[in-house]
Amino acid sequence: MKKRLITSALPYVNNIPHLGNLIQVLSADVFARFCRLRGYETLYICGTDEYGTATETRAREEGISPKELCTRYYEIHSEIYRWFNISFDHFGRTSAPNHTEITQHIFQKLHENGYVVEREIEQLYSEASQMFLADRYVRGTCPHCGYADARGDQCENCGKLLDPSDLIDPRSLIDNTRPVMKTTRHLYIDLPKIRPRLEVWLKVAAEEGRWARNAVQMTQAWIRDGLKERAITRDLKWGIPVPLDGFREKVFYVWFDAPIGYISITASLTDNWEAWWRNPEQVDLFQFIGKDNIPFHTVIFPSSLIGTGEKWTLLHHMSSSEYLNYEGGQFSKSRGVGVFGTDAQETGIPADVWRFYLYYNRPETSDFTFTWDDFREKINGELIGNLGNLVNRTLAFQTKFFGNSLPEEDSAGTVTSPEWKEFWNTVRTMESEITDYLEGARLRDAFRTVFALSSYGNKVFQEAEPWKTRKENPEATAVLLKNLIYLIRDLSILIAPYLPDTAVRIGEFLGLNATTWDDLGNLGGITTVSAPTILFSIVEAETIEELRARFSGTQAERAAKKAAEPTMEERFRERVELRAAKITAVERHPKADKLFIEQVDDGSGEPRTIVSGLVGHYTEEELVGHTIVLVSNLKPAKLRGVESRGMLLAAEGTNEDGSKKVDVLFVDHAKPGDRLALHGDTPSEETLSQIDIDSFFAIPLRVKDRVLTVGDTAIECAGQAVTAPVVPNGPVG
RNA sequence: GGUGGCGUAGCUCAGUCGGUAGAGCAAGCGGCUCAUAUCCGCUCGGUCAGGGGUUCAAGUCCCUUCGCCACUACCA
């Protein structure tokens, strides 16, 4: 019996998974649990995918390191999967050191074998941030329709596809500067060259592994249309260094390293990882992913491994699910639409109930739409009305009228009479159907058949009418109950991969533990049963209304998102220190046209120098003697040779003639050194660590109706709101 | 722009190799009382998105139109 290596798609670390994302992890979990119960040696591996532009940019915005950001999200992911009872053997991270090692090794081999080529391309580059920019990080004016905020790849206004170099006045979303075209060199994996070897493998694997239909189709389309070279490097910092001269400043493109994460995460669990990953004779690899990921798993990742010329365990079964939609729309991480892992916990509905609904409706052959009405209907009708009811009515009837002990094996009308033989034939037929479905990873079909089996139990109960026969023919009635109790035992085994907690609870009613697939249909082992307790609570219509309101619609989207992320207010509190400071002297910067050098009293007793670009907007006399708002924990910076220790706050607006208007925020009522605070907060005594200018601007301050605010909260100084005298609304910097 | 997918009963979905359209829920009717207003049975319900083609036969294969969606793009 071959060992089974099971993976579910590595979730990108940068966001909180929603129910749609959870499908893969949950699917692999059922399969892994099933395999263990059937006695296969099983390993279930997953983890977070952490490298790439998205995390790097996000971390930059928040002024923390990518690793810190990833750690924060890794914890959130882990917690969600723990709550859903996912039985990973290991849930790791691609930022682990052995990931670098294995990825570099695979690259080296590809390179040695001549499957890596170099190409020169032109890319937009930001001088200010010293980085190349992805198309969507550039915005500018659309050359077709004049829309001022068109994205580098496509104008959202007129829909025309763009080349970022077409944009009029392009600007980088990262730092707001104007990017330039710059030549760079990248490495490409030569898929066309690997293709013949890939195809030999593909043909056999897709058939033997009984791949999901969408995987077969999409893969065929890819091969048919011809494979192209694909870039495997990027100009980024947050990633795996490329171990090749001339490319050492670059890192691998995430899609190249991400699938290798399956291997490296295994290696971080056990030194014996090669017994799994370099052992195709004894291991079958089952991968669970969403349909959006198919070519990476059926073409690119296998090509990477085949191209090494080494022995690797390649994909056996591909289980690629379709999409789970939400109330007629799409789940969306970026827009925050739908139910997220963290939300599911807060509903008070147990994990097994969520698992039930998601498996019962697993988007196995087509997309499925989650609706709250359907959620309630399926729980009440199927989970409770069918399965819950059979367990409850049978065990309640037994314990109420026949006591806790079951009759002996050979009592009157034994379980092996012709009548019951037929019953068990039916049961066993359905059970082997379920097992076959599960072997083919048809999880939904298997699960639905489990419920059909439960329904059969209800029907047998109903037709036997034990409430009538218990007096006229108690022996036969006892036998009926005994058979139904063994059916329930079988059901508890069959649901164990899906609803592990529930399976254990039913086992407790029957005085059993640790049953396995081999126990199915085996009529022995139960001697006493206990009175059942309610397995699942009915979901009321009001509850559903409340949940629908909470998790659908625009407001709910925002609430869900806010709960997950720190608000602007919280980020301000943690990162920005504002203090009142009195200007004691002002002079022109000798080497700059627009800069003043100000001496300020920040209450520390020591004079402090700041530099501000106010020439032309203010005269020296208009500034000196006034108290301004100082960003006091800003990292010092040299401006034309003069070190500025902090900056003053001013609102920006536009004059009637279109020129820029600068409006310094004065707080003359305050004492130098007074700490500013959010409305409702008491000013903190604690000194914050220094932040750089990018991190400061990542927390946007604005004047709204002349009042200085962050997020939706006013910032106060010495008990008064800070106001802008001239500019009513605009950014503050 | 390229690629892939989807459109079947009021709702959510099955439909294998082309062979008289299926399930669950909802709705209507009947039965039962062990069970969490639960369970069992029956009935109703479809121009298979529109059009064209191949075929003795098309939800299924081909072409086309419409609608929805996903992935992807300094080009593969």
Side-chain angles (χ1 to χ4, degrees), chain A residues 20 119-124 132-136 138 152-154 159-166 181 183-184 186 188 191-192 213-215 217-222 224-231 255 290-296 322-323 325 328-332 360-371 373-386 388-402 444-445 448 451-452 454-470 477 480-481 484 532-540:
Chain A
R119 296 278 178 256
E120 194 166 80
I121 58 162
E122 292 224 305
Q123 253 186 311
L124 279 175
F132 284 92
L133 302 166
D135 290 0
R136 61 199 165 111
V138 183
D153 51 348
Q154 184 172 20
K160 284 228 169 62
L161 297 168
L162 303 174
D163 188 300
S165 59
D166 297 340
M181 294 304 285
T183 300
T184 181
H186 281 294
Y188 287 68
L191 293 177
R213 196 173 49 177
N214 57 4
Q217 277 175 343
M218 200 171 289
T219 305
Q220 277 171 353
W222 256 59
R224 180 197 67 212
D225 296 347
L227 296 174
K228 305 278 164 62
E229 296 167 353
R230 279 186 77 102
W255 62 255
K291 65 176 165 187
D292 50 328
N293 252 329
I294 289 170
F296 293 102
E322 303 280 332
Y323 287 126
N325 294 318
Q330 211 100 39
F331 274 96
S332 165
Y360 195 81
N361 297 304
R362 177 172 187 249
E364 205 151 281
T365 50
S366 81
D367 291 359
F368 177 79
T369 303
F370 174 101
T371 64
D373 285 336
D374 185 61
F375 183 64
R376 168 165 182 263
E377 207 173 274
K378 290 295 188 301
I379 294 168
N380 291 352
E382 195 72 347
L383 182 62
I384 297 175
N386 181 356
N389 189 237
L390 177 67
V391 172
N392 193 47
R393 75 197 298 203
T394 305
L395 294 179
F397 201 99
Q398 166 72 35
T399 52
K400 201 159 156 190
F401 300 112
F402 290 86
R444 185 199 55 196
D445 291 335
R448 293 216 173 201
F451 281 86
S454 170
S455 179
Y456 174 66
N458 271 316
K459 196 167 152 185
V460 169
F461 193 115
Q462 190 75 19
E463 281 170 359
E465 299 186 310
W467 54 90
K468 285 184 186 161
T469 61
R470 72 181 170 92
T477 309
L480 166 79
L481 291 170
L484 288 173
T533 53
I534 293 299
L535 287 175
F536 312 103
S537 309
I538 293 217
V539 180
E540 304 296 342

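Worth saying up front: this structure is predicted, and the values here are computed from it rather than measured. Convention: sequence-line order gives letters A, B, ...; per-chain numbering from 1.
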If the C1' atom of B:rC25 is compared with that of B:rC17, how far apart are they to the nearest Å?
32 Å
Helical stems, RNA chain B - three or more consecutive Watson-Crick or G-U wobble pairs below 3.5 Å
B:1-7 with B:66-72, B:10-13 with B:22-25, B:27-31 with B:39-43, B:49-53 with B:61-65
Among B:rU12, B:rG4, B:rC71, which nucleotide sits nearest the side chain of A:Y323?
B:rC71
Shortest non-hydrogen pair, A:E540 vs A:R376, comes out as C-NE, 3.5 Å
Provide, to the nearest angstrom, the distance between the CD atom belonging to A:E382 and the C1' atom belonging to B:rC39.
13 Å
Output one letter per nucleotide in nucleotides 30-38 of chain B: B when a protein non-hydrogen atom lies under 4.0 Å from the base, S when only the sugar-phosphate is that close, - when neither is.
-BSSBBB-S
Anything under 3.5 Å between a protein N or O and an N or O of nucleotides 41-46 of chain B, put it in a table, one pair a line.
| unit_1 | atom_1 | unit_2 | atom_2 | d |
| --- | --- | --- | --- | --- |
| B:rG41 | OP1 | A:K459 | NZ | 3.4 |

Just checking A:R444: base, sugar-phosphate only, or nothing, at a heavy-atom cut-off of under 4.0 Å?
sugar-phosphate
Distance in angstrom units between A:F368 CZ and B:rC25 C1', rounded
11 Å
In whole angstroms, how far is the C1' atom of B:rU3 from the NZ atom of A:K228?
11 Å
Contacts of A:E120 meeting side chain to side chain contact (heavy atoms under 4.5 Å, CB included) (sequence neighbours excluded), chain-then-number -> A:T183, A:R185
So which atom in A:F461 and which in A:P466 form the shortest heavy-atom distance, rounded to 0.1 Å?
O-CD, 3.2 Å
So, OP1 or OP2 of B:rU12: does either fall under 4.0 Å of a side-chain N or O from A:T371?
no
Side-chain touch A:F375/A:I379, heavy atoms, less than 4.5 angstrom
yes
C1' gap between B:rU65 and B:rC44, integer Å:
35 Å
Roughly how many Å is it from CG in A:D445 to P in B:rC13, rounded to a whole number?
15 Å
Roughly how far apart, to the nearest Å, are B:rA58 and B:rC13 at atom P?
28 Å
How close do A:P532 and A:T399 get, counting heavy atoms only, and between which atoms?
CD-OG1, 4.3 Å
Classify the ring geometry between A:F451 and A:Y360 as parallel (under 30°), tilted (30 to 60°) or perpendicular (over 60°).
perpendicular
Interatomic distance at C1', B:rG19 relative to B:rA26, whole Å
32 Å
Rounded interatomic separation in angstrom, taking CG from A:N293 and P from B:rG4
18 Å
Separation of A:D367 atom CG from B:rC6 atom P, in whole Å?
9 Å
Taking all atoms of both residues into account, what is the closest heavy-atom pair of A:P363 and A:F368, and its distance?
CB-N, 4.0 Å
Residues which pass side chain to side chain contact (heavy atoms under 4.5 Å, CB included) with A:R470, listed by chain and number, not counting sequence neighbours:
A:F397, A:F401, A:F402, A:T477
Verify the contact: side-chain N or O of A:S455 to OP1 or OP2 of B:rG24, cut-off strictly under 4.0 Å; return yes or no.
no
Kindly say if A:R448 contacts the phosphate of B:rA14, meaning a side-chain N or O under 4.0 Å from OP1 or OP2.
no
Under 4.0 Å between a side-chain N or O of A:S366 and OP1 or OP2 of B:rG5?
no
Applying side chain to side chain contact (heavy atoms under 4.5 Å, CB included), can you list everything that pairs with A:E364, at least two apart in sequence or on another chain?
A:R362, A:R442, A:L443, A:R444, A:D445
Nearest heavy-atom pair of A:Y323 and A:D367: which atoms, and what distance?
N-OD1, 3.0 Å
What nucleotide among B:rA14, B:rA76, B:rG5 has an atom nearest to a side-chain atom of A:K291?
B:rG5
Which whole number of Å gives the distance between the P atom of B:rA9 and that of B:rG46?
10 Å
Using the C1' atom as the reference point in each nucleotide, state the distance between B:rG5 and B:rG18 in Å, no decimals.
22 Å
Tightest non-hydrogen contact, residues A:T394 and A:L481, listed as O-CD2, 4.1 Å
Can a donor-acceptor pair be found, under 3.5 Å and without considering hydrogens, that links the side chain of A:N392 to the backbone of A:I534?
no
Whole-Å distance, A:M218 CE to B:rA76 P, equals 22 Å
When the P atoms of B:rU16 and B:rG22 are considered, how many whole Å apart are they?
14 Å
Distance check, P atoms only: B:rC56 and B:rA73, in whole angstrom units.
47 Å
Rounded off to whole Å, could you give me the CD1-to-P distance for the A:I294 and B:rC71 pair?
13 Å
Is there a donor-acceptor pair under 3.5 Å between the side chain of A:N386 and the backbone N or O of A:S455?
yes
